[in-house]
Amino acid sequence: MKNSIQIIFLFLSISMYSQGPWTKEKGKFYTQLSFTTIPSYNEFFGNPDYEIQGNITDNTMQIYGEYGLTNTTTLLVNIPLKLISIDNLKYIDPTIDCVGDCSETINKNRNSLGNIEIGVKHNFYKKDWLLSGQFSVEGNTGSFDENQELEQVMMLLPLLLYS
């Protein structure tokens, strides 16, 4: 029973992230520009929650596009631009051994690319109902701190779409 519920949630979550099983006609395209915001916050939610001394604002402008390579195959591209603002963040470098108030106040605005996604959607069946598959590669384009080297991560996202 537990496995059945997990499989149902897996298929529901896959369908939430998909743009549907429809592919673009050859030479046709679709673009979408969107903006999302996470207004000023000072707490990271988790187990346990972690309160920070300052405020962070996270905005994202994103362009999404689809282009019909053939009548049954579509190229997908998603390019997000992150706009991060850090205000009055009290930071203490853990590598420094000091006595007293060693905190540093940080006020920064940083703009950078988010994780870029490129994929292909292919339609396998198109009569009474649609069956398509999608394969995407998402690449990590940045890190939080330029002094820290973060390993570049590629995510492979296979999807099976139906309608």
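We're numbering straight along the sequence, starting at 1.
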Residue pairs, two or more places apart or on separate chains, that pass salt bridge (Lys or Arg N to Asp or Glu O under 4.0 Å) and touch residues 55-65: Asp58-Lys82
Val137 and Glu117, any side-chain heavy atoms less than 4.5 Å apart: no
Nearest-0.5 Å distance that lies between atom NZ in Lys28 and atom CG in Asn71: 10.5 Å
Minimal non-hydrogen separation, Asn109 against Ser85, with atom names: OD1-OG, 3.0 Å
Chi angles and distances behind the side chain to side chain contact (heavy atoms under 4.5 Å, CB included) call for Asn59, Phe35: CA-CA 7 Å; Asn59 297 318; Phe35 178 81; 3.8 Å; yes
Lys24 NZ to Leu69 CG distance, which is reported to the nearest 0.5 Å: 13.0 Å
Closest non-hydrogen atom pair, Val120 against Thr73: CG1-CG2, 3.5 Å
Residues, nucleotides or ligands: over 12 heavy atoms within 6.0 Å of Tyr125 OH: yes
Interatomic distance, Leu76 atom CG to Ile118 atom CD1 [nearest 0.5 angstrom]: 10.0 Å
Which atom of Pro80 lies closest to which atom of Thr60, heavy atoms considered: CB-CG2, 3.9 Å
Residue pair Thr23, Asn123: steps toward the side-chain hydrogen bond (donor to acceptor under 3.5 Å, both in side chains) verdict: CA-CA 7 Å; Thr23 55; Asn123 179 257; 5.3 Å; no
Mutual orientation of the aromatic rings belonging to Phe124 and His122 [parallel < 30°, tilted 30-60°, perpendicular > 60°]: perpendicular
Gln32 atom CD, neighbour heavy-atom count above 12 within 6.0 Å: yes
Spatial distance of atom CD1 (Ile63) from atom CG (Leu33) [nearest 0.5 Å]: 6.0 Å
Between CG on residue Leu131 and CH2 on residue Trp129, distance to nearest 0.5 Å: 5.0 Å
Residues in side-chain hydrogen bond (donor to acceptor under 3.5 Å, both in side chains) contact with Asn78, at least two apart in sequence or another chain: none
CA sep, side-chain torsions, deciding dist, call: Tyr30, Tyr67, side chain to side chain contact (heavy atoms under 4.5 Å, CB included): CA-CA 7 Å; Tyr30 167 80; Tyr67 177 75; over 6 Å; no
Heavy-atom pair of closest approach, residues Lys121 and Ser132: CG-CB, 4.4 Å
From CD1 (Ile116) to CD1 (Ile79), nearest 0.5 Å: 5.5 Å
Glu66 and Thr74: side chain donor to acceptor below 3.5 Å: no
Cluster link Leu113 to Met61, ILVMFWY, side chain under 4.5 Å: no
Criterion side chain to side chain contact (heavy atoms under 4.5 Å, CB included) on Trp22 and Leu130, from CA distance to verdict: CA-CA 8 Å; Trp22 296 273; Leu130 297 170; 2.9 Å; yes
